[in-house]
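Below is one structure; the comments refer to it alone.
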Amino acid sequence: MESAAQEVPYGGERIATVMADVRAGLLARPKRLPPWLFYDARGSALFEEITRLPEYYPTRTERAILTDHAAEMIDAAGSPASLVELGAGSATKTRVIIAALLERRPDATFLPVDVSPTALAGAARDLRVRFPSLEVTPVVAKYPEELGFLRAAPSPRLVLFLGSNIGNYEPSEGSHLLGALHGRLRAGDALLLATDLRKDPSVLVPAYDDAAGVTAAFNKNVLTRLNRQLGARFDLATFKHVARWNARRSRIEMHLESLTPQVVPVPALGVTVSLRAGERIHTESSYKYTFRMVKRMLGVAGFTWQRAWTDPRGWFALHLASA
Ligand code: AVJ
């Protein structure tokens, strides 16, 4: 079961998983769709575009922290034999860590892990050109369900969970994911966890509702994906992109709001979805953390928080925790 994740790439997309998650989400109240559905080929390209937007500070802030401190991070993690990156995507930010690691351990292995085979293939190709001596083992897997591939990663390992991707998980799910990860690690292994930090909504909201409308297109693209994969008949023009700050839960939320009352057939699921005017489909939560929240989450999962690196404005942090 577990090794199947590595040996049988999805060949594009796993239709059974898409169907199960979409069915559950569209029948729920309030309606929701899981954010992993964003990342088909077009969604992954749109996300790359988001990372270059002036309003979207997380990627460039994280990259600056990594660039300034990569060598220190690798030393603090004990110069690991393998680097495992969960949700690697195009793995462009990871290059600076890989370069720092190879200086200390030329024999190091890199295992980029992602649900998107497209992004992964591109990342592997690029890294093999840039770092010809680096052993790259791409893994198509969904976590926390499919972490069995970790057995094959040489110890000690450093697991990277960058991009504040943890922010997409509900706190309980995040602890569960990190706990499942901890259960697969050994003494001497470490985790480098990136978290976006809580800050003024005047900075947060535009980062998820940019002037150029790229995030709106990214959000709506999930409906295009359902039209293509499930034969659904969502009309994108009848939905509005909504991004809002939920202070109580310390998260940005993205929704797709129906502008009219409508009934949308989803033939592959054998259902029709009714929406009222103003009804929203919740497509993403992006949690914004305090150090306290991060330490608690890591502690619940069994990790020991060791130290963190942040930018001068204190907008983003990379935390090192030991297994
Ligand atoms: C990839 C989950 C970190 O939450 O900021 C960007 C995704 N959504 N703009 C984030 C995203 C809308 C992003 N993460």
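These values consider heavy atoms only, across backbone and side chains, with no hydrogens, waters or symmetry-generated copies. For ligands, and for the atoms within them, numbers begin at 1 and follow the listed sequence. This one's a predicted model, so the numbers in the text were calculated from it and none came from an experiment.
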T215 versus H241, side-chain donor and acceptor atoms under 3.5 Å: no

Between Y287 and E170: side-chain donor-acceptor atoms closer than 3.5 Å: yes

Pairs meeting criterion side-chain hydrogen bond (donor to acceptor under 3.5 Å, both in side chains) with involvement of residues 68-77, two or more places apart: H69-E72, E72-R307, E72-W309, D75-R104

Interfacing atoms of ligand 1 (cut-off 4.0 Å, heavy-atom, M254): 12 (C)

Ligand 1 atoms in contact with N165 (distance to a heavy atom under 4.0 Å): 1 (C), 2 (C), 3 (C), 14 (N)

Per-residue contact class, Y57 against ligand 1 - non-hydrogen pairs under 4.0 Å: neither

Identity and distance of the protein heavy atom lying nearest atom 7 (C) of ligand 1: E284 OE2, 3.3 Å

Distance-only polar pair, side chains of Y208 and N219, donor-acceptor under 3.5 Å: no

Residue F218 vicinity, atoms of ligand 1 by number, heavy atom under 4.0 Å: 8 (N), 12 (C)

Contact check, P58 vs ligand 1, heavy-atom distance below 4.0 Å: no

Check: R198/S250 side-chain N/O donor and acceptor closer than 3.5 Å: yes

contact_flag Y56 ligand 1 heavy-atom lt 4.0 Å: yes

Atoms in ligand 1 flagged as close to Y39, the criterion being non-hydrogen separation under 4.0 Å: 1 (C), 7 (C)

Heavy atom of S164, distance to ligand 1 below 4.0 Å: yes

Polar side-chain atom of E146 near backbone of K142 as donor-acceptor pair, under 3.5 Å: yes

S286 neighbourhood, listing ligand 1 atoms whose heavy-atom distance to it stays under 4.0 Å: 4 (O), 5 (O), 10 (C)

Ionic contact status for R42 with D40, cut-off 4.0 Å: no

Y287 near ligand 1 by a heavy-atom separation under 4.0 Å: no

Contacts of R248 that satisfy side chain to side chain donor-acceptor pair (under 3.5 Å) - sequence neighbours left out: none

N168 neighbourhood, listing ligand 1 atoms whose heavy-atom distance to it stays under 4.0 Å: 2 (C), 4 (O)

